[in-house]
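Contents: one structure, followed by commentary.
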Amino acid sequence: MTSAPTSRARQRIRVRSRQDAAGDLLGLLPDPEHALAWVRDGSGLVGWGEAARLEVSGPDRFAQADKWWREFCAHLDVDDELGVPGSGPVAFISMAFADSPGDSVLIVPEVVVGRRNGQQWITTIGAGDTDPEVAPLSRPSTVRYANGQLPVTQYREAVRKAVARMRGGELDKVVLAHDLVAVTDRRLDQRFVLQGLARRYPECWAYAVDGLVGATPELLLRRTGAVVDSRVLAGTTWPHDGVSDEELAAALMSSEKNLEEHDYAITSLAETLRPFCTTMSVEGPSVLRLPNVSHLSSDVIGTLSSSVSLLHLGEAVHPTAAVGGTPRLDATTLIGQLEGMDRGRYAGPVGWIDGNGDGELGIALRCAQITGSTARLFAGCGLVADSDPDIEVQEAHAKMRPMREALEGL
Ligand SMILES: C=C(O[C@H]1C=CC=C(C(=O)O)[C@@H]1O)C(=O)O
């Protein structure tokens with residue numbers, strides 16, 4: 001389904017960006033159920049209202065989204081006094097993980113507030129209300145959990161089967177996920193969840209697009225002019241009683257199983273991005289420490305050889321072996337067979353794009369799809385032939401902690 005102002009062809013939409021007084025971005029969001037956000041450590045973008053929206057699905061969803069966004073931008077009158085990435089027109093993006101089923105969505109807000117390097121701005125797209133009434137924040141008083149489409153006992157079994165397939169030499173790596181449903185006593189306020197995540201995980205990108213709310217530590221791609229960069233994560237440990245953070249980090253850095261998982265993820269990203277670049281370098285791995293887990297982390301940076309848009313690049317690199325596997329097609333086929341659930345937009349690219357094709361796409365991890373008073377949480381683990389199903393179940397539990405705590409207001 002595609003919708004955009006029908007008068008677009010005749011009447012150009014006015015886009016205006018101007019400097020704004022500094023403030024807390026997430027605190028500006030007026031609406032509990034339609035939050036649009038991409039914020040890391042106080043900087044990023046938030047939006048409200050809906051000037052246009054695109055919903056697409058299928059293998060050509062990235063190409064369709066890219067075309068739609070270019071056409072939309074071609075019919076705007078832009079008055080942008082900043083000219084920085086994220087000023088001017090912006091669409092928030094959340095792409096489905098799989099070619100089928102699942103809808104991807106692009107939302108162009110009526111108002112965007114951005115903050116970058118201490119500079120804040122406000123953009124109106126059409127007739128946006130720049131000073132809307134902000135509904136009071138509400139928190140659920142009870143949260144109950146129920147099985148999702150893939151309960152944890154079945155998840156363990158799926159992991160066991162996947163490991164057997166890898167030991168049999170069918171593939172090298174696959175990432176399997178499971179879900180969990182949280183039901184609350186009232187309609188969830190997405191802003192409450194976002195603020196809790198942002199407070200606890202300032203090094204992650206807190207995001208909300210069309211009810212998918214989370215805080216991801218993994219940056220799939222950022223395009224800033226000719227520069228493209230990525231933060232690749234794979235290989236995980238989590239706090240254990242009696243083991244110091246330093247010991248955990250040292251064990252992670254010398255774990256062959258985790259280094260192997262990480263290597264597949266880096267290789268998948270680098271191989272698919274390299275054709276677009278004249279230069280590329282990889283730095284890592286090092287350990288990224290978060291309150292719930294620590295990951296092996298590498299940074300990739302490249303120079304683009306031509307002006308290719310963020311969505312085009314996203315299509316080429318998704319899914320990396322941080323959320324799919326190696327070989328990619330074998331892994332995604334096995335994910336479909338063994339998970340037997342619809343991941344929706346979990347593990348898909350999430351973020352924003354501007355009128356120049358610059359923007360940021362994270363991988364939608366540590367998240368929940370929120371609908372009314374229900375949240376569907378997801379967590380997955382990279383598996384190789386050496387993986388132990390019981391340990392992977394513990395890892396998935398640790399990865400769900402941020403979302404559970406944010407829902408419960410802990
Ligand atoms: C698939 C997830 O995490 C990925 C990102 C970092 C580390 C991962 C791992 O060690 O398995 C996963 O590849 C998830 O959080 O649902």
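This is a predicted model, so every value here is computed, not measured. Quick note: numbers below take in every heavy atom, side chains included, and nothing from hydrogens, waters or symmetry partners. When a residue number appears, it is its place in the shown sequence, counting from 1. Note that ligands are numbered from 1 as they come in the structure, with each ligand's atoms numbered from 1 the same way.
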| message | When you measure from the side chain of R156 to the backbone of T153, do you find a donor-acceptor pair of N or O atoms at a distance under 3.5 Å? | response | no

| message | Can a donor-acceptor pair be found, under 3.5 Å and without considering hydrogens, that links the side chain of R139 to the backbone of E408? | response | yes

| query | Is the closest side-chain heavy-atom distance between L304 and L313 below 4.5 Å? | reply | yes

| note | Sorted by chain and number, sequence neighbours left out, salt bridge (Lys or Arg N to Asp or Glu O under 4.0 Å) with E170 holds for R165

| query | Any side chain to side chain donor-acceptor pair (under 3.5 Å) pairs touching residues 210-221, not counting sequence neighbours? | reply | R53-D210

| Pairs where residues 306-328 contributes a residue and the test side chain to side chain donor-acceptor pair (under 3.5 Å) is met, not counting sequence neighbours | D66-S309

| query | Exactly which residues line ligand 1, taking a heavy atom under 4.0 Å from it as the test? | reply | V175, E218, L233, A234, G235, T236, E261, H295, A322, Y346, L365, R366, A379, G380, C381, G382, E395, K399

